[in-house]
Amino acid sequence: MSKRKYKKKIQEQSATVIKPDVKVNVEIDYDKLAEAIVKAEKKAEENDDKEITSVLWLQRKGAAILYRLLAFSGFAFFALGAIALIIAAIGWQWVPFITAFSNILAIFTIALLLFAVVVVSMMLWTSSDQVEKVKDKQMLMSLSSGLIGFIALIAAIVAIFVK
């Protein structure tokens with residue numbers, strides 16, 4: 001290798017190597033960097049939202065309707081349970097103290113269960129209003145999967161008691 005080629009090769013290598021004696025002062029404007037990141041995220045979200053707007057709308061409305069149906073079925077269960085409890089309480093015997101005490105205890109237990117059903121139904125009804133306002137895609141997906149899991153749990157419990 002000639003001296004010229006050797007010198008040229010060494011100069012090319014030294015141009016790419018960072019020299020320890022050279023100090024580089026890099027100043028980063030973190031505010032501008034944060035603004036740029038936020039702008040990029042908003043732009044990406046807008047592009048995603050334009051592409052799947054109808055899917056999100058359908059998911060949002062479907063979840064809200066499902067929550068309202070569950071709430072309505074809870075209210076209907078409460079009404080039927082309360083009517084059945086009143087009719088059953090009229091037909092029970094109340095003469096011995098032990099029987100009256102067990103009847104009162106049964107009425108109290110069933111009333112507490114019916115109260116719990118009403119509270120859950122009210123929360124579901126309120127949640128249906130809130131689900132329509134959700135903008136976050138991940139939250140909407142997790143709400144939907146949680147709702148489907150809850151319905152599957154109810155179906156499994158019903159299947160166990162039917163057998």
Side-chain angles (χ1 to χ4, degrees), residues 24-163:
V24 178
N25 188 9
V26 178
E27 291 185 24
I28 299 173
D29 189 1
Y30 292 104
D31 293 333
K32 287 183 181 178
L33 179 63
E35 288 175 11
I37 291 171
V38 168
K39 283 181 184 178
E41 285 181 1
K42 282 184 181 179
K43 188 174 182 180
E45 285 178 10
E46 287 174 3
N47 289 340
D48 288 346
D49 287 345
K50 288 177 184 175
E51 293 174 2
I52 58 171
T53 302
S54 60
V55 174
L56 288 176
W57 179 84
L58 184 62
Q59 185 103 16
R60 191 176 300 121
K61 292 295 180 181
I65 288 171
L66 225 49
Y67 274 58
R68 285 202 176 144
L69 283 174
L70 282 174
F72 182 73
S73 64
F75 291 136
F77 181 77
F78 169 75
L80 292 175
I83 291 169
L85 181 62
I86 292 170
I87 291 172
I90 291 172
W92 287 342
Q93 293 181 356
W94 295 90
V95 176
F97 177 74
I98 297 286
T99 307
F101 182 72
S102 66
N103 289 346
I104 290 173
L105 191 60
I107 289 172
F108 184 70
T109 305
I110 294 170
L112 280 176
L113 289 173
L114 291 175
F115 178 74
V117 167
V118 165
V119 168
V120 169
S121 297
M122 292 169 117
M123 287 191 289
L124 283 171
W125 191 269
T126 306
S127 297
S128 71
D129 293 335
Q130 296 298 320
V131 165
E132 291 179 350
K133 298 175 186 175
V134 171
K135 300 288 184 199
D136 188 18
K137 291 176 278 197
Q138 286 81 17
M139 179 182 251
L140 194 59
M141 294 303 271
S142 61
L143 282 172
S144 298
S145 63
L147 184 63
I148 297 300
F150 180 68
I151 291 171
L153 175 70
I154 291 172
I157 290 172
V158 168
I160 288 172
F161 284 117
V162 167
K163 285 187 176 183

What heavy-atom pair brings Arg60 and Val131 nearest, and what distance separates the two atoms? CG-O, 3.2 Å
Value rounded to 0.5 Å, distance of CD in Glu35 from NZ in Lys39: 6.5 Å
For Ile154, all residues meeting side chain to side chain contact (heavy atoms under 4.5 Å, CB included), sequence neighbours excluded: Phe150, Val158
Pairwise salt bridge (charged side-chain N to carboxylate O under 4.0 Å, His left out) hits with a residue in residues 117-128, at least two apart: none
Compare every heavy atom of Val134 with every heavy atom of Met139, then report the nearest pair and how far apart it is. SD-CG1, 4.1 Å
List the atom pairs, with distances to 0.1 Å, where a side-chain N or O of residues 94-101 and a protein N or O form a donor-acceptor pair under 3.5 Å, not counting sequence neighbours.
residue : atom : partner : partner atom : Å
Trp94   : NE1  : Ala89   : O            : 3.0
Trp94   : NE1  : Trp92   : O            : 3.4

Listed by chain and number, what are the side chain to side chain contact (heavy atoms under 4.5 Å, CB included) partners of Leu33, not counting sequence neighbours? Ile28, Tyr30, Ile37
Please list all pairs passing the side chain to side chain donor-acceptor pair (under 3.5 Å) test where one or both residues lie in residues 62-88, with sequence neighbours left out. Arg68-Ser128, Arg68-Asp129
Could you work out, with side chain to side chain contact (heavy atoms under 4.5 Å, CB included) as the rule, every residue matching Ile151, not counting sequence neighbours? Leu66, Leu70, Leu147
Under 3.5 Å, side-chain donor or acceptor atoms of residues 112-126 against the rest of the protein: list the pairs with distances, not counting sequence neighbours.
residue : atom : partner : partner atom : Å
Ser121  : OG   : Val117  : O            : 2.8
Thr126  : OG1  : Met122  : O            : 3.0

Sorted by first residue and then second, give each salt bridge (charged side-chain N to carboxylate O under 4.0 Å, His left out) pair with at least one member in residues 99-120; sequence neighbours left out. none
Are there over 12 heavy-atom neighbours, none belonging to Phe77, within less than 6.0 Å of that residue's CZ? no
